[in-house]
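Side chains are part of it too, since the values below use all heavy atoms of this structure and drop only hydrogens, waters and symmetry mates. Naming convention: chains lettered A, B, ... in sequence-line order (proteins, then strands); numbering from 1 in each chain.
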Protein chains: 2
Amino acid sequence: MYSSLVAHIAKFVTLDESEKEVLCSLLTYEKFKKKEHLLKEGQSGNTQYFIVKGCTRQYIINEKGTEQTLQFAIENWWVTDYLAFHNNTSSQFYFQAIENCEAITLEKSNMEIVLEKVPKLEKYFRLVLQKSYGASQIRIKYLFTMSAEERYHNMNNRFPEFMQRVPQYMVASYLDFSPEFLSKIRAGKT
Amino acid sequence: MYSSLVAHIAKFVTLDESEKEVLCSLLTYEKFKKKEHLLKEGQSGNTQYFIVKGCTRQYIINEKGTEQTLQFAIENWWVTDYLAFHNNTSSQFYFQAIENCEAITLEKSNMEIVLEKVPKLEKYFRLVLQKSYGASQIRIKYLFTMSAEERYHNMNNRFPEFMQRVPQYMVASYLDFSPEFLSKIRAGKT
DNA sequence: CGAAAATTTGACATGACTCAACTGGAGTGG
DNA sequence: CCACTCCAGTTGAGTCATGTCAAATTTTCG
């Protein structure tokens, strides 16, 4: 049940059997149907989610009432509002399944317990965060240096399969332009 | 010499004297004059910097040859290109002192040694990264939901002192618009 | 099959950029 | 301590990338 997480951890640190047991005793497993929310704005951000299967997005609703996708996540990524998680406040973001999903959940209080008992996991989570933060830095770089059209082509080249999985209007907001504009880019040049 | 870092760590985990000694034996201390670079694009990103004093920025040079500031950092922040640091590749960013600065440096190889000997620091760095990543998520949110003018006023309200310390053209590029435009915002409304 | 959601298309609007010229202040060196 | 330069900031005119809105079309899915 938790084997995909255990396998992911094994890429970074080596756990023995008893450590794995401690960890697994503190996890839960949840399924989310397409469009269901893992976490909503305003809810306590005290849980993080490891995506076992499927695809999720992080979004907000702006003052005009439209949704803006800030991030996607697929298999083997941890997601949550880390500022809320860090400060024990409520989430500023929605996290939603955009396909049927399965996720492993870890509450902050349980995380603290398991880190106490299995300190090796500090390294694991540090590395996961280091990678996520690095990805976030690059994302900002792309937003700053590329035009809307370039961002679209760049994403299309780097993640062609992914673009099939996700509705265009979510991609458009992820790349920070309107769905109509995306449609026009596609019309201009397959 | 390293007391500001030791104090910062103490906010997150408690080290005993011998642990502090191990840590300090693996650090170096560097001063940077205003406009000097801590790290340049293309150089190995194998070092992270803890800002003791002063202010730095992370920037890139875009295809038009103009600089774009992606992030500022002041006292008590760690900076580096974390993707490069993670993957042992070269930095995609410039990191530059915008005031005379003092920084504590930690090389990746030394970081690995100290984490081996003082595992408590895994927690410290995990928390630092968790916070940085959270801040980065929020930054993307602001870029997406606010107009250029709103981003300026928001920043002005939240960091009035900081705005005094930094040239306007850097603020403009940090907020992702032109210096001329910033000048016009200011003209329209103190 | 029908309703709702997603995408496309076109006309029009505008926020922000570019470029160029001007102003003012901070260093620098004679 | 003045004169000169240079860089940051300002201002205005013209432009363009992308947004908005509304209507038409296609796709999805109960």
Heavy atoms from C-beta onward define the side chain here; which of [options] lies closest to that of [X]?
X: A/Lys34; options: C/dA16, D/dC29, D/dT10; answer: D/dC29
X: B/Tyr169; options: D/dT18, D/dA8, C/dT9; answer: D/dA8
X: A/Glu180; options: D/dC21, C/dT7, D/dA8; answer: D/dC21
X: B/Phe181; options: C/dA16, C/dT18, C/dT8; answer: C/dA16
X: B/Phe177; options: D/dG9, C/dA16, D/dA8; answer: C/dA16

Inset, instruction - Give me the ring orientation class for B/Phe50 and B/His8: parallel if the planes are under 30° apart, tilted from 30 to 60°, perpendicular past 60°. - result: tilted
Inset, instruction - Classify the ring geometry between B/Tyr59 and B/Tyr94 as parallel (under 30°), tilted (30 to 60°) or perpendicular (over 60°). - result: parallel
Legend entry - salt_bridge(B/Lys20, B/Glu17) N-O dist < 4.0 Å: yes
Inset, instruction - For the pair B/Arg165 and B/Glu75, find out whether any cationic side-chain nitrogen is under 4.0 Å from an anionic carboxylate oxygen. - result: yes
Inset, instruction - Verify the contact: side-chain N or O of A/Ser178 to OP1 or OP2 of D/dG19, cut-off strictly under 4.0 Å; return yes or no. - result: yes
Inset, instruction - Using a cut-off of strictly less than 4.0 Å, decide whether A/Arg186 has a side-chain nitrogen or oxygen near OP1 or OP2 of C/dT7. - result: no
Using whole Å, what does the distance between atom [atom2] of nucleotide [N] and atom [atom1] of [X] come to?
X: B/Glu149; N: C/dC17; atom1: CD; atom2: C1'; result: 16 Å
X: A/Met163; N: C/dA6; atom1: CE; atom2: C1'; result: 15 Å
X: B/Met146; N: C/dG15; atom1: CE; atom2: P; result: 18 Å
X: A/Glu99; N: D/dT28; atom1: CD; atom2: P; result: 15 Å
X: A/Glu63; N: D/dT20; atom1: CD; atom2: P; result: 11 Å
X: A/Ile185; N: C/dG10; atom1: CD1; atom2: P; result: 16 Å
X: A/Asn100; N: D/dC29; atom1: CG; atom2: C1'; result: 13 Å

Inset, instruction - Would you work out how much the helix from C/dC1-D/dG30 to C/dG30-D/dC1 bends between its ends, with each end axis defined by five base pairs, to 10 degrees? - result: 50°
Legend entry - Donor-acceptor pair present, B/Lys184 side chain and C/dG15 base, under 3.5 Å: no
Legend entry - Qualifying residue, where the test is ring pair (Phe, Tyr, Trp, His ring centres under 6.0 Å) with A/Trp78 and the options are A/Phe125, A/Phe95, A/Phe85: A/Phe125
Inset, instruction - Work out which heavy atom in B/Leu143 is nearest to a heavy atom in B/Asp176; give both atom names and the distance. - result: CD2-CB, 4.4 Å
Legend entry - Nearest-nucleotide comparison on DNA chain C, the residue closer to the 5′ end among B/Leu182 and A/Ser183: A/Ser183
Inset, instruction - Determine, using ring centers only, whether B/His37 and B/Phe32 are less than 6.0 Å apart. - result: no
